Number of protein chains: 2
Amino acid sequence: MNLKELADTLGLSPTTVSRALNGYPEVAERTRARVMAAARDHNYRPNARAKGLATGRAMAIGHVIPVSHRHEIVNPVFSDFILGAGEVYQSNGYDMVLSLVDDASQASAYEEIAAKGTVDGILLHAPRVGDPRIEILNGIGLPFVVHGRTSMNDETYSWVDVNNRRAFARATEFLLDLGHRRIALVNGLMAMDFAARRQLGYCDALAARGVAFDPALVRSDEMTETHGYVTARDLLAGSAPPTAFLAASIITALGIRRAVEEKGLVLGRDVSIVTHDDELSYLRNGVDIPTFTAVRSSVRQAGALCAEMLIEAIRCRDTPARHMLLEAELMVGQSTGPAPLQRTG
Amino acid sequence: MNLKELADTLGLSPTTVSRALNGYPEVAERTRARVMAAARDHNYRPNARAKGLATGRAMAIGHVIPVSHRHEIVNPVFSDFILGAGEVYQSNGYDMVLSLVDDASQASAYEEIAAKGTVDGILLHAPRVGDPRIEILNGIGLPFVVHGRTSMNDETYSWVDVNNRRAFARATEFLLDLGHRRIALVNGLMAMDFAARRQLGYCDALAARGVAFDPALVRSDEMTETHGYVTARDLLAGSAPPTAFLAASIITALGIRRAVEEKGLVLGRDVSIVTHDDELSYLRNGVDIPTFTAVRSSVRQAGALCAEMLIEAIRCRDTPARHMLLEAELMVGQSTGPAPLQRTG
DNA sequence: GCCGCCGTCCAAAGCGCTTTGGGAAAGCAG
DNA sequence: CTGCTTTCCCAAAGCGCTTTGGACGGCGGC
């Protein structure tokens, strides 16, 4: 059933039916009611492609997911982010289209997406330090919002980010307050902007208390369980093992805990862990009391905020760039405790 | 730059340019080369909406993700599945569009998607036992492939599934061989088809060895870390605790391990775990030797297979339904060992 | 009674592409 | 040279919708 057929059924012109359905005033209310009823009865939906062609709007938003061929890992927070964004899209009538793009063809991919006209805006994930994609997108002229930031020219584009620096400074301070002095940072890949900021926060807090920064205590890699495990096992086997760990994600923290417990140490007594917690739906941090002490910030909420910001940018194309810095909340759980008395050896 | 402009630049008609770009034979090779070069130079891409309108093909595939409002959980395997499917789509020129649909509006959602015409086919996730969506989709007439199965009328639609029954029978046999008799099954939600099949496999294996089925040893819930932990803690605290656990996913297994180790028990000695392993990219099962003994089957590969099957179904609309049953592989890791001698009390 | 306005509807153009149905030029055989 | 096929190209219709620019009748004001 298309518009013309529906119009024929009603003995009206396509023009009138279109206007009736889209809420234009030039149609009698009685007629509009008749049209609406018929549309419902016949289960009519306007063809999205035709509508898009006519209006110039795609009513869809593109998410570009970088697929690196060296280390093919899907960001585990991705599905929760999508959920948050998706709900906002849905209630605003937007579709969500995903494009997997490998690192090599990043530049051309965005131009292609823009030229094809399948989307009205783009949501950019996982920006790297000094990510060139932002410049590319700015050049293309399609509205976009970045989940996260990249170090330079923050003002030239819209973003939603967690205050990673503050969050990790906060977490570090908390551990310092508990008397820990050897605090390991099990970070994500340093090429990622958020990882760089987290390390800055960690260093800030150490410096503020006059604790020397020890590069041997900082490790960066993809945020897998394995990375947490291997790193913690390594560090704990050293001559001057850390008494506390800062983890970049709950998944990493799980790996760290495994190494800790495997060594017969007790979490919260012998070793403390503070983790960043994205509040992933499938990895809730404990039932009532948080298992891990964590600086937490819902990635799902971030998804919703990004989506709202982007939709607004699409509606009014020439509004200035907007920014939203979310503060993570420190939740004390069972994985932290006072630093143990200095062990000899 | 659109087709008409490109044609004008070249001094050709839109018809010829279109044919040149789409590989039709009615155009001189010299002209074609000229057109191709100009298209590249001007960075021309045909507008997808217009192309779709003209051809009737959307060159996009829809993934419908159920969002239940009671327990809002995103399937943790989802992102890996998407990755596998996405790569296939990309290399075949298809876009991927995601729709979040809440349980209430499942039926109408599919009709809407079909009528809107944004996609050429649908990939169905996480089918439930006797899932009504399959009937709906069959009625709509849009090609679709199910990742998983539902119990009835397997022949009437295309699916890709792991042989869950066999996999869990296999895992159970393995534990029985090691001498375990009290084997707990920490399953996913029983409403999910795969969970039901897994339990069947478990029961099959017990029955084949004459071991009585104890309903107290079977627990079903969403496959979170918390579920694994809480369930295992409960069961281990009972008067006749299990000596082995079957976990529905690595995430659940992590929770079980936590409960085991918290109780001071040693994995692979006091308690064994066999888990299903979807080979999630962010939760690799160990570095060299698998941490968990597992029946494994890559969900990413399943995504790719689903995508291929669906694209084929779209290309030849009236091919019969196809089915693909993947066998999971048993990988012995460090989480299993001979059943401990019977503890008294 | 005439004019102008308003409310209601419609015809037709246009969005950017594909595809049908020629048509002109070139090539070939007779 | 004629008639036919082949090669290469084009004009125009059409995909399903929106939107511009009227058309038409009824109404009130003067």
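For the numbers below, each heavy atom of this structure counts, side chains included, while hydrogens, waters and symmetry mates do not. Just so you know, these numbers come straight off a predicted model, no measurement behind them. All chains are named by letter (A, B, ...) in the order of the sequence lines, taking the proteins before the strands, and each is independently numbered beginning at 1.
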Could you go step by step and tell me if B:V67 and A:L83 meet the side chain to side chain contact (heavy atoms under 4.5 Å, CB included) rule? CA-CA 8 Å; B:V67 177; A:L83 185 61; 3.7 Å; yes

Listed nucleotide nearest any side-chain atom of A:A54, set C:dC10, D:dC9, C:dC15: C:dC15

A:S13 and A:T16: side-chain donor and acceptor closer than 3.5 Å? yes

Selection from D:dC9, D:dT19, C:dT8 that lies nearest to any side-chain heavy atom of A:R19: D:dT19

Considering heavy-atom distances to DNA chain D, does B:L53 or B:V27 have its closest nucleotide positioned more toward the 5' end? B:V27

Taking 4.0 angstrom as the limit, do A:D120 and A:R57 come out as a salt bridge? no

Sorted by position of nearest nucleotide on DNA chain C, 5' first, the leading residue of B:A50 and B:T16 is B:A50

Rounded to whole angstroms, how far apart are CZ on B:R57 and C1' on D:dC15? 13 Å

Do NZ/NE/NH1/NH2 and the carboxylate oxygens of B:E111 and A:R45 come within less than 4.0 Å? no

With axes from five pairs an end, tell me the bend angle of the helix from C:dG1-D:dC30 to C:dG30-D:dC1, nearest 10°. 60°

Report yes if at least one side-chain N or O of B:K51 is closer than 4.0 Å to OP1 or OP2 of C:dG16; otherwise report no. no

Does OP1 or OP2 of D:dC15 have a side-chain N or O of A:N2 closer than 4.0 Å? no

Please report the distance, rounded to the nearest Å, between CZ in B:R49 and C1' in C:dG16. 10 Å

Which nucleotide in the set C:dC9, D:dC9, C:dC17 lies at the smallest distance from any side-chain heavy atom of B:N47? C:dC17

Check the surroundings of atom CD in A:E112: do more than 12 heavy atoms from other residues, nucleotides or ligands lie under 6.0 Å from it? yes

A:L10 has an atom CG; how far is it from atom P of C:dC9, in whole Å? 11 Å

Quick one: which of D:dC8, C:dT8, C:dT18 gets closest to the side chain of B:T31? D:dC8

Partner of A:F144 by side-chain contact (heavy atoms from CB on, under 4.5 Å), out of A:I122, A:I136, A:I314: A:I122

Looking only at side-chain N and O atoms, does A:S13 come under 4.0 Å of OP1 or OP2 in C:dC10? yes

Check this one for me: any side-chain N or O of A:T55 less than 4.0 Å away from OP1 or OP2 of D:dT18? no

What I want to find out is whether A:R315 reaches A:E312 closely enough, with some N-O distance under 4.0 Å, to be called a salt bridge. no

In whole angstroms, the gap separating P of D:dC10 from NZ of B:K4 amounts to 13 Å

Closer than 4.0 Å, any side-chain N/O of A:Y44 to the OP1 or OP2 of D:dC17? yes

Rounded to the nearest angstrom, tell me the gap between atom CE in B:M1 and atom C1' in C:dG16. 14 Å

Using whole Å, what does the distance between atom P of nucleotide D:dT18 and atom CE of A:M59 come to? 12 Å

Donor/acceptor link under 3.5 angstrom from A:T15 side chain onto base of D:dT19: yes

Any idea how A:H125 and A:F81 line up, ring-wise: parallel (<30°), tilted (30 to 60°), or perpendicular (>60°)? perpendicular

Take atom CD of A:E26 and atom C1' of D:dG22, then tell me their distance rounded to the nearest Å. 13 Å

Rounded to whole Å, the CG-C1' distance (A:L21 to D:dC17) equals 11 Å

